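Below is one structure, written out as structure tokens, with a few remarks after it.
Predicted, not measured: the structure shown is a model, and the values here were computed from it. By convention in this document, chain letters (A, B, ...) are assigned in the order of the sequence lines, proteins followed by strands, and residues within each chain are numbered from 1.
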Amino acid sequence: MAKKYITTAIPYMNGNPHIGHAMDYCLADVCSRYYKMLGDEVRLQAGTDEHGNKIFLKAKDSGVDAQVFVDEKTDSFKAFIKKLGVEYTDFVRTTDELHMKRCQEIWKRLEDHIYLAKYNGWYCTGCERYVTDKEYEENNGVCPDHQKPYEKLEEENYYLRISDFRDEIREAIESDKMLILPDYRKKEMLKLLEESPDVSISRPISQLTWGVPVPGDDSQVMYVWIDALSNYITVLGYPEEDISDWWPARAQFVGKDILRFHAIIWPAMLLGLGLPLPKAMISHGMILANGQKMSKSIGNVVEPMEVVEKYGLDAFRYYFLRHVDTFADSDFTWEKYDSAYNNELANDLGNLVQRLATLASKNRLAYQKPESFVLPEEYTSLMNDFEYSKAFDFVWEKVQDLNKKIDDEKPWMLAKNGETEKLEECLSRLIDGLLLANYMLTPFLPETVQKIKNVFDGLIEPPKIPLFPK
RNA sequence: CGUGGGGUAGAGCAGCCUGGUAGCUCGUUUGGCUCAUAACCAAAAGGUCGUAGGUUCAAAUCCUACCCCCACAACCA
């Protein structure tokens with residue numbers, strides 16, 4: 001039994017769970033359930049990123065302690081993940097004491113590649129952030145939000161020397177030893193890698209207090225990178241535990257917006273620690289509403305839980321795993337969602353189950369289900385390549401084929417004509433087909449798969465409540 | 001002259017690498033069927049493949065130029 005480790009991106013706790021997070025979790029969950037179906041032992045990590053000034057200030061604004069603030073947020077995320085039917089095995093919070101301790105240890109181990117340097121640039125005291133030279137020029141040196149001139153500020157930061165690892169990272173990406181999907185993102189990352197400067201990994205304590213202290217320097221606090229990215233291994237117990245059973249991860253799922261950090265900074269850290277790079281990094285797209293980015297100001301934000309509540313969890317998973325492209329940006333509209341539910345789940349699959357169950361029940365079919373199923377190669381190859389929406393399409397073709405076959409073979413005519421043997425052979429074969437399709441749906445639609453199994457187990461009776469009621 | 005992706009039937013997409021009758025899903029129309037959640041099956045209509053040139057016996061596919069849309073753009077996760 002092989003061991004496989006799958007990770008999700010840890011969301012920043014300054015906001016509430018949204019549909020993009022759901023996408024990340026669902027993909028990783030399908031991956032994990034697929035490997036489990038093949039008999040592997042799987043660990044699926046999830047977690048939350050809880051440090052940083054933004055959170056600190058937000059907590060202050062709401063008049064609560066930062067820790068209390070993130071505790072609440074984390075609870076809401078945990079509840080969210082649970083509602084999505086995601087079976088995670090490990091949960092890591094960047095404010096966990098153990099995580100912080102491990103982070104400091106990781107920092108120490110990276111010290112050969114870390115140096116202290118002065119940073120200077122334009123800073124807006126209103127925004128509390130640095131702006132790029134380009135932004136400075138575009139705004140003629142005045143912050144448009146605060147109508148204040150940018151100040152020249154100089155501070156000391158620790159830097160991680162990316163250049164120490166550039167060749168090795170490039171080689172790993174080019175050779176697919178660290179596979180980046182989809183391919184056009186891989187190209188993008190290779191280009192970005194060449195331009196990547198050393199990355200600043202700390203802030204003076206005067207600027208950032210809510211974070212992990214830099215070991216051996218009281219005046220500096222870790223900036224996000226080492227703190228957050230290291231979660232993937234601290235949750236496994238690194239460095240004090242041997243993680244070689246689980247690391248390198250089989251697959252790391254990330255949004256396209258944060259791929260660059262995972263494709264450049266994270267590998268640099270791993271190489272600095274002498275650890276292997278993850279086998280695959282899957283970058284998924286964003287979910288759009290009517291072709292537009294969801295945003296609060298436009299007011300087109302789709303609440304994931306609202307979507308789940310409308311037709312149930314499996315319908316949600318169905319839509320986001322099949323009609324949302326695994327890699328590219330995709331659209332969500334209620335209209336499309338309704339249509340997918342009615343035409344596909346209810347009419348194709350739900351109705352197929354109903355038809356076969358009724359035929360079997362009316363004719364008192366003594367159905368013997370197969371001992372085991374052999375997964376078609378096309379399916380496994382798509383699943384192994386993380387092409388989940390395509391694998392889903394493949395299964396659906398089988399479902400539609402079965403509906404065709406029923407029409408072609410007209411089992412009700414066989415019954416009318418008293419051709420019992422033929423009828424039994426025909427129905428059994430069709431049900432075998434359905435159960436195989438159902439088996440292939442295991443990673444995608446856990447609730448439905450169980451229901452369908454139950455219908456054809458023992459005495460067959462059509463479900464009293466349709467699988468996907470309209 | 002920033003980088004990347006894209007423009008193919010009413011909608012959403014595949015095909016382009018490795019040129020050779022333009023395809024899938026939904027929608028529309030018509031027909032069939034009755035096992036089924038007014039579900040299912042079949043057939044038809046619908047496209048000068050962004051524009052203009054070029055290469056070729058032959059271009060959605062290769063080359064050149066241009067137009068349009070979108071995403072990202074050094075620490076805003």
> When rounded to the nearest 0.5 angstrom, what distance separates CG in A:Leu445 from CG in A:Leu321?
Replying inline: 8.0 Å

>> If we ignore hydrogens and angles and just use 3.5 Å, is the side chain of A:Asn157 paired with the main-chain N or O of A:Arg203 as donor and acceptor?
In response: no

>> Between A:Lys398 and A:Ala437 (side chain of the first, backbone of the second, donor and acceptor by atom type, cut-off under 3.5 Å), is there such a pair?
In response: no

> Taking OP1 and OP2 of B:C26, is either one under 4.0 Å from a side-chain nitrogen or oxygen of A:Tyr341?
Replying inline: no

> Under 4.0 Å between a side-chain N/O of A:Asn351 and OP1 or OP2 of B:C35, yes or no?
Replying inline: no

>> Categorize A:Arg260 for me: base, sugar-phosphate, or nothing, with a 4.0 angstrom heavy-atom threshold over every strand shown.
In response: sugar-phosphate

>> Mind checking if A:Lys470 touches a base, just sugar-phosphate, or nothing, with heavy atoms under 4.0 Å?
In response: base

>> Can you say whether a donor on the side chain of A:Asn347 sits under 3.5 Å from an acceptor on the base of B:A39, or the other way round?
In response: no

> What stem regions, each of at least 3 consecutive Watson-Crick or G-U pairs below 3.5 Å, can be found for RNA chain B?
Replying inline: B:2-7 with B:67-72, B:10-13 with B:23-26, B:28-32 with B:40-44, B:50-54 with B:62-66

> Is the distance between the ring centroids of A:Tyr25 and A:Phe253 under 6.0 Å?
Replying inline: no

>> Test of understanding: with side chain to side chain donor-acceptor pair (under 3.5 Å), list the residues that count as partners of A:Lys369, not counting sequence neighbours.
In response: A:Asp457

>> Can a side-chain donor-acceptor contact be found between A:Glu344 and A:His323 if the only test is distance below 3.5 angstrom?
In response: yes

>> Heavy atoms from C-beta onward define the side chain here; which of B:G12, B:C35, B:U37 lies closest to that of A:Lys362?
In response: B:C35

